[in-house]
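Notes to accompany the following structure.
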Amino acid sequence: MHILHVVGARPNFMKAAPVMAVLRRRAGVHQTLVHTGQHYDQNMSRVFFQELGLPNPDIDLEVGSDSHAVQTAQIMMRFEAVVLAQRPDLVLVYGDVNSTVAAALVCAKLGVPVGHVEAGLRSFDRTMPEEINRLLTDQIADLLFTPSADGDENLLREGVAAEKIHRVGNVMIDTLVRLLPKAENRPILAELGLAEDGEWKGENGKGISEIREYVLVTLHRPSNVDEPAMLREIMQALDKISHDIPVIFPVHPRTRQQLKNSQFTIRNSQLHLVEPLGYLDFLALQRHATLVITDSGGIQEETTYLGVPCLTVRENTERPVTVALGTNILVGQDMERLQAEVGRILAGDGKRGQRPPLWDGHAAERIANVIEAGWRQ
Ligand code: UD1
């Protein structure tokens with residue numbers, strides 16, 4: 001059986017890696033990896049391939065950045081030729097980025113079966129580009145792999161046939177479980193001055209008492225960073241927070257560009273803007289953070305798994321299980337609320353949560369079982 005995987009942007013890589021690794025061990029499976037090139041920088045793309053143990057892409061479509069229409073259209077045009085040449089039995093797409101919907105649409109038109117990993121998530125906010133990508137991909141996919149029960153409910157309500165839906169758990173957590181011990185050996189905490197060099201050996205938790213408290217931040221949603229007034233308000237709030245506790249902020253390229261335009265200047269030496277980090281360094285930082293402030297989807301999930309309090313700068317989430325069961329709190333775009341919640345966590349009153357069912361490191365195995373069972377029928 002020939003399975004073709006499509007990845008394009010940073011959050012796809014940690015989802016595809018465990019699925020490819022499990023399928024590699026199944027007899028009779030041949031795999032092809034296509035990178036659309038939506039993300040192309042060393043620190044947005046290549047470092048992830050190395051750290052996650054993903055094979056080098058067999059095919060790179062090299063689409064790069066552009067408007068949504070141009071980027072999506074370019075992926076479709078170039079990917080159609082690949083599917084026609086490769087004739088896969090199944091194409092797997094991941095998450096909710098433009099590469100996901102573009103590849104799924106090509107397959108649907110060519111009559112090639114497509115499986116969507118991380119199906120069924122809904123923010124119910126159609127101003128988010130990712131929500132459109134999720135809705136459309138799920139309508140045309142043949143196999144829908146959901147991470148949590150809310151995913152199944154959303155799909156059933158939208159008329160997706162029950163036999164196409166498979167609740168397998170969270171593949172991103174598979175990667176986290178596998179690589180957490182490796183992440184603990186990274187010297188990133190000492191490098192950022194969050195642990196004394198020499199004290200922090202990073203050997204799976206040894207020396208944890210020597211680690212300082214700090215806040216970890218990521219922001220890249222258009223709704224937060226593309227509007228200069230909003231971005232300035234957020235940066236001012238982070239500046240205030242950094243008077244009480246160091247703030248580490250790896251800056252996404254989109255945000256970096258908007259920060260340049262906003263002419264915000266950093267006055268506080270405890271607010272550290274750094275380059276985007278690789279998977280292992282970022283995981284090490286999440287693991288030991290006092291709290292995380294983010295607008296990412298995946299980080300809401302990773303903090304829930306790690307039991308680290310997470311404040312999400314969004315009005316809604318497509319991952320409600322992180323709020324219902326996990327450590328996530330939606331603060332919206334209300335910066336006073338953000339600061340109040342930070343104060344609460346620093347006072348020792350952070351939200352405690354539990355891990356959602358099936359977030360156990362074995363989601364990719366379940367996906368492979370479903371694919372294998374269908375293929376042997
Ligand atoms: C995309 C996804 C988003 C995901 C995010 C993770 C869509 C619609 N959005 O958003 O869901 O959470 O990736 O990072 O697919 N750029 C670089 N180098 C790169 C990639 C991008 O400099 O390697 C810059 C470009 O100037 C580009 C901008 O970042 O214009 C945005 O990139 P793009 O892929 O369009 O969307 P993201 O904001 O990264």
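Whatever order the structure lists ligands and atoms in, that order sets their numbers, starting from 1. Positions are given from 1, in the same order as the sequence printed here.
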Problem - Under the salt bridge (charged side-chain N to carboxylate O under 4.0 Å, His left out) test, residues paired with Asp244 that sit two or more places apart - result: none
Find all protein N or O atoms under 3.5 angstrom from an N or O atom of ligand 1 and list the pairs with distances, or write 'none'.
| residue | atom | partner | partner atom | Å |
| --- | --- | --- | --- | --- |
| ligand 1 | 9 (N) | Glu130 | OE2 | 3.4 |
| ligand 1 | 11 (O) | Glu130 | OE2 | 2.6 |
| ligand 1 | 12 (O) | His220 | NE2 | 2.9 |
| ligand 1 | 13 (O) | His39 | NE2 | 3.4 |
| ligand 1 | 14 (O) | His252 | NE2 | 3.0 |
| ligand 1 | 15 (O) | Gln38 | NE2 | 2.8 |
| ligand 1 | 15 (O) | Asn98 | N | 2.9 |
| ligand 1 | 18 (N) | Asp41 | OD2 | 2.9 |
| ligand 1 | 23 (O) | Tyr40 | N | 2.9 |
| ligand 1 | 23 (O) | Asp41 | N | 3.0 |
| ligand 1 | 34 (O) | Gln38 | NE2 | 3.2 |
| ligand 1 | 34 (O) | His39 | NE2 | 3.2 |
| ligand 1 | 38 (O) | Arg254 | NE | 2.7 |
| ligand 1 | 38 (O) | Arg254 | NH2 | 3.3 |
| ligand 1 | 39 (O) | His39 | NE2 | 2.8 |
| ligand 1 | 39 (O) | His252 | NE2 | 3.0 |

When the side chains of residues 47-56 are checked against the rest of the protein, which donor-acceptor pairs come out under 3.5 Å, sequence neighbours left out?
| residue | atom | partner | partner atom | Å |
| --- | --- | --- | --- | --- |
| Glu51 | OE1 | Tyr279 | N | 2.8 |
| Glu51 | OE1 | Leu280 | N | 2.8 |

What side-chain donor-acceptor pairs closer than 3.5 Å can you find for residues 70-77, not counting sequence neighbours?
| residue | atom | partner | partner atom | Å |
| --- | --- | --- | --- | --- |
| Gln71 | OE1 | Asn98 | ND2 | 2.9 |
| Gln71 | NE2 | Gly64 | O | 3.1 |
| Thr72 | OG1 | His68 | O | 2.7 |
| Gln74 | OE1 | Arg78 | NE | 3.1 |
| Gln74 | OE1 | Arg78 | NH2 | 3.0 |

Practice task
Classify the side-chain pair Asn328/Thr312 by whether it contains a donor and acceptor separated by less than 3.5 Å.
Solution key: yes
Practice task
Indicate whether the side chain of His288 and that of Glu184 have a donor and an acceptor atom separated by less than 3.5 Å.
Solution key: yes
Problem - Between Asp152 and Thr146: side-chain donor-acceptor atoms closer than 3.5 Å - result: yes
